[in-house]
Undergrad: 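My structure is below; once you've seen it, I'll send some questions.
Treat the numbers as computed from the prediction; the structure is a model and nothing was measured. The chains referred to below are lettered A, B, ... by the order of the sequence lines, with proteins before strands, and numbering in each begins at 1.
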2 protein chains.
Amino acid sequence: MTDTIRVVIADDHQLMLDGLRQGLDSLPDIQVVGTVVDGAELHAEVQAKGPDVLLVDVEMPKVTGLSAISRIDDLPPTLIVTMHAAEEYAATAREAGARGFLSKGLPLPQLAAAIRAVADGVDLFESDPRVLDAYSAPQLSSRAEAITGRERDVLRCLVQGISSTDDIADELYISQKTVKNHLASIYEKLGVNDRAQAVVEAMKLGLDRDWD
Amino acid sequence: MTDTIRVVIADDHQLMLDGLRQGLDSLPDIQVVGTVVDGAELHAEVQAKGPDVLLVDVEMPKVTGLSAISRIDDLPPTLIVTMHAAEEYAATAREAGARGFLSKGLPLPQLAAAIRAVADGVDLFESDPRVLDAYSAPQLSSRAEAITGRERDVLRCLVQGISSTDDIADELYISQKTVKNHLASIYEKLGVNDRAQAVVEAMKLGLDRDWD
DNA sequence: AACTTAATGGGTCTTTCGGCCCATTCAGAT
DNA sequence: ATCTGAATGGGCCGAAAGACCCATTAAGTT
């Protein structure tokens, strides 16, 4: 249902950009559509990509994160991240139009939760921190939500390399026929028509993991 | 052939840790086996995990990266990373036993190259920067190396969801028979016996991407 | 009480897949 | 000049997979 959240990141450290891109892209509901290393390029990137959420580092050479976002007319929901736990910028960040203020000391799942929250219209400055709990689990797409528990078990077998009907049946203690039935349902729900494609889709949708 | 390089990372920013872990783990030849947020824990982690390479941030609260590594007896090849391009620490880093000194402004592929280089015994302080070029491509495992170009094409079709013999044949402009031949070779080389397992292995070994 | 859905199972039929035999061509290495 | 390996192709056959019908049970919902 929920479309994937398109994110643009601004940070002067390329390593941080690459790392965040990998981390966020690995989640089924978040997609990094652009990165910039300088506040000066942010404006153009936002216009070009039209992201749902902006992730901006305060500390940047030339144009700081805060002044960069304050000069964007149609600012998408924006999160400010900072190296230091410093609250000093928080007030200014809020004035500049940001929706939240985070430390880089947070683990990635919490960042992801914050992204989902602001994408949903939440203003983290005004909210109880506990609202994040509601956004901690990745939102699966409608296709993925339709997959039942037992079907997930079958998919997990597949991505573990247990691919033959017999082996899956042994693994799950059910008959070969039931395995085939589950697979047929999976094919229909994912819009595929064999095991190889099911594996690809399952990984793309993140159905292979039990949620962190 | 080359075993995967086991890496431990020390950085006080959890986000950076999570990001790097994702980024490096996505490479077929590098595996992050441990992370610490504080220099104080580094010693214990290194003893517990016995990594091939250490990746340490200089700036850390309590115990700095440099003092942390200098008190490790059997120091593995170590790279120091820093936020600032500052050369000030470089000399001290070298004395503390580090093999290289990098800025966080580098893109991830270059970090990966540096990791492979030091894992191979190279001392980046003493070497021409061009040595990194030799380590820029991920080292594929022996199984993966055996895969020929055309077989890779077939694998790429599979991970794109083109899984039936007919579709692959159309995609690659060859006969169905040739597709089956290539698949048979792939199965043998990867030690699998159907397309679904081949997809899983291809993704695990990183054979699905064209190298960055 | 009636309804839905998940999970389990059966049967049948056609298509596809994978294993095993083979040949030809061409490029590069010895 | 020979040899090897990659890439292309053929045929054959048994086993597996996928598509299509179906039923039963148990757990929730309304």
Side-chain angles (χ1 to χ4, degrees), chain A residues 1 140-203 205 207-208 210-211, chain B residues 1 140-203 205 207-208 210-211:
Chain A
M1 182 80 281
L140 298 175
S141 75
S142 52
R143 285 187 305 166
E145 278 172 28
I147 300 289
T148 69
R150 209 55 171 154
E151 286 160 6
R152 286 260 291 266
D153 291 342
V154 174
L155 276 176
R156 247 181 255 116
C157 285
L158 283 187
V159 299
Q160 282 169 19
I162 304 172
S163 58
S164 83
T165 305
D166 284 351
D167 291 347
I168 298 173
D170 284 352
E171 181 74 18
L172 300 180
Y173 304 106
I174 52 182
S175 81
Q176 290 93 327
K177 185 52 207 166
T178 304
V179 172
K180 289 183 142 199
N181 285 339
H182 286 317
L183 281 169
S185 315
I186 290 169
Y187 296 159
E188 195 193 354
K189 289 172 184 173
L190 297 185
V192 300
N193 38 45
D194 62 35
R195 296 162 201 234
Q197 290 176 8
V199 169
V200 175
E201 276 305 304
M203 295 189 128
L205 295 173
L207 286 166
D208 51 323
D210 294 305
W211 293 120
Chain B
M1 181 82 281
L140 298 174
S141 74
S142 52
R143 282 187 306 166
E145 279 171 27
I147 300 289
T148 69
R150 209 55 171 152
E151 286 160 6
R152 285 259 293 266
D153 291 341
V154 174
L155 276 177
R156 248 181 256 113
C157 285
L158 283 186
V159 300
Q160 282 169 18
I162 303 171
S163 58
S164 83
T165 305
D166 285 349
D167 291 347
I168 298 173
D170 285 351
E171 181 74 18
L172 300 180
Y173 303 106
I174 52 182
S175 80
Q176 289 92 328
K177 186 52 206 163
T178 304
V179 172
K180 288 181 140 202
N181 285 339
H182 286 317
L183 280 170
S185 314
I186 290 169
Y187 296 158
E188 194 192 355
K189 289 172 183 172
L190 296 185
V192 301
N193 38 44
D194 62 35
R195 296 162 201 232
Q197 289 176 11
V199 169
V200 175
E201 276 305 305
M203 296 190 126
L205 295 173
L207 286 167
D208 50 324
D210 295 304
W211 294 120

Undergrad: Would you give the length of the straight line joining atom NE2 of His182(B) to atom NZ of Lys177(B), rounded to the nearest 0.5 angstrom?
TA: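 Going from NE2 on His182(B) over to NZ on Lys177(B), the span is 11.0 Å.
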Undergrad: Please round to the nearest 0.5 Å and tell me the distance separating atom CD of Glu151(B) and atom CG of Leu207(B).
TA: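 If I round to the nearest 0.5 Å, the distance is 10.5 Å.
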Undergrad: Return the set of residues passing side chain to side chain contact (heavy atoms under 4.5 Å, CB included) with Thr165(A) (not counting sequence neighbours), or none when no residue passes.
TA: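 Result, side chain to side chain contact (heavy atoms under 4.5 Å, CB included) vs Thr165(A): Gln176(A), Val179(A), Lys180(A), Arg195(A).
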Undergrad: Can you give me the closest heavy-atom contact between Ser163(B) and Ala196(A), atom names plus distance?
TA: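 Smallest heavy-atom distance, with atoms named: CB-CB, 3.9 Å.
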Undergrad: What is the distance, to the nearest angstrom, from the NZ atom on Lys180(B) to the C1' atom on dT8(D)?
TA: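 Those two atoms, NZ and C1', are 16 Å apart.
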Undergrad: Considering heavy-atom distances to DNA chain C, does Leu172(A) or Ala196(B) have its closest nucleotide positioned more toward the 5' end?
TA: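 The answer here is Leu172(A).
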Undergrad: Verify the distance criterion only: is there a donor paired with an acceptor across the side chains of Ser164(B) and Asp167(B) at less than 3.5 Å?
TA: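 Checked: Ser164(B)/Asp167(B) side chains pair up, N/O donor to acceptor below 3.5 Å.
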Undergrad: Hey, does the side chain of Gln197(B) reach the backbone of Asn193(B) with a donor-acceptor pair shorter than 3.5 angstrom?
TA: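 Looks like yes, one N/O pair under 3.5 Å.
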Undergrad: Assign Thr178(B) to base, sugar-phosphate, or nothing according to its heavy-atom contacts below 4.0 angstrom with the strands shown.
TA: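 Touches a base.
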Undergrad: Give the rounded distance in Å between these two atoms: CD of Gln176(A) and C1' of dA16(D).
TA: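 Result: 11 Å.
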Undergrad: Given dG5(D), is OP1 or OP2 found less than 4.0 Å from the side-chain N or O atoms of Thr148(B)?
TA: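 Checking Thr148(B) against dG5(D): no side-chain N or O falls below 4.0 Å of OP1 or OP2.
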Undergrad: What is the distance, to the nearest angstrom, from the CD atom on Gln197(B) to the C1' atom on dA17(D)?
TA: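 Checked: the CD to C1' distance equals 14 Å.
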Undergrad: Considering non-hydrogen atoms only, spot the tightest contact between Ala198(A) and Leu158(A) and give its length.
TA: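 Taking Ala198(A) first and Leu158(A) second, the nearest heavy atoms are CB-CD1, 4.1 Å.
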Undergrad: Measure CD/Glu151(B) against C1'/dA6(D) and give the value in whole Å, please.
TA: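 About 8 Å, once rounded to whole Å.
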Undergrad: Note down the inter-axis angle between the two ends of the helix from dA1(C)-dT30(D) to dT30(C)-dA1(D), five pairs each, to the nearest 10°.
TA: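 Axis angle across the helix from dA1(C)-dT30(D) to dT30(C)-dA1(D), nearest 10°: 50°.
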Undergrad: Expressed as a whole number of angstroms, how long is the span from Asn193(A):CG to dA19(D):P?
TA: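 Going from CG in Asn193(A) over to P in dA19(D) covers 6 Å.
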Undergrad: Once you round it to whole Å, what is the distance between P of dA17(D) and OH of Tyr187(A)?
TA: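 The answer, rounded to whole Å, is 9 Å.
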Undergrad: Could you grab the distance from atom CD1 of Ile147(A) to atom CG of Leu205(A), nearest 0.5 Å is fine?
TA: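 One finds 8.5 Å between CD1 of Ile147(A) and CG of Leu205(A).
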Undergrad: Can you name the residues that form a salt bridge (charged side-chain N to carboxylate O under 4.0 Å, His left out) with Asp166(B), not counting sequence neighbours?
TA: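 Applying salt bridge (charged side-chain N to carboxylate O under 4.0 Å, His left out) to Asp166(B) gives none.
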Undergrad: Which comes earlier along DNA chain D counting from the 5' end, the contact point of Asp194(B) or that of Tyr173(B), where each point is its nearest nucleotide?
TA: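 Between the two, 5'-proximity favours Tyr173(B).
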Undergrad: In residues 159-168 of chain A, what residues come within less than 4.0 Å of DNA chain C, judged by heavy atoms?
TA: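 Close to the strand, none.
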Undergrad: Given dA7(D), dA17(D), dG9(D), identify the nucleotide with an atom nearest to the side chain of Ile174(B).
TA: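 Among the listed nucleotides, the one closest to the side chain of Ile174(B) is dG9(D).
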Undergrad: Considering just the side-chain nitrogens and oxygens of His182(B), establish if one lies under 4.0 Å of OP1 or OP2 belonging to dA6(D).
TA: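 No, because none of the side-chain N or O atoms of His182(B) sits under 4.0 Å from OP1 or OP2 of dA6(D).
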Undergrad: Looking at Ile174(A), Leu155(A), Asn181(A), which hits side chain to side chain contact (heavy atoms under 4.5 Å, CB included) with Arg150(A)?
TA: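 Testing each of Ile174(A), Leu155(A), Asn181(A) against Arg150(A), the sole residue satisfying side chain to side chain contact (heavy atoms under 4.5 Å, CB included) is Ile174(A).
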Undergrad: Mind listing the N/O atom pairs, protein and nucleotides 21-29 of chain D, below 3.5 Å?
TA:
none

Undergrad: Give, for atom CD1 of Ile168(A) and atom CG of Leu183(A), the distance between the pair rounded to the nearest 0.5 Å.
TA: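 Those atoms lie 5.5 Å apart.
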Undergrad: Please find the earliest and latest nucleotides of DNA chain C, in the 5' to 3' direction, that have an atom within less than 4.0 Å of any heavy atom of chain B.
TA: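 The contacted stretch runs from dC17(C) to dC20(C).
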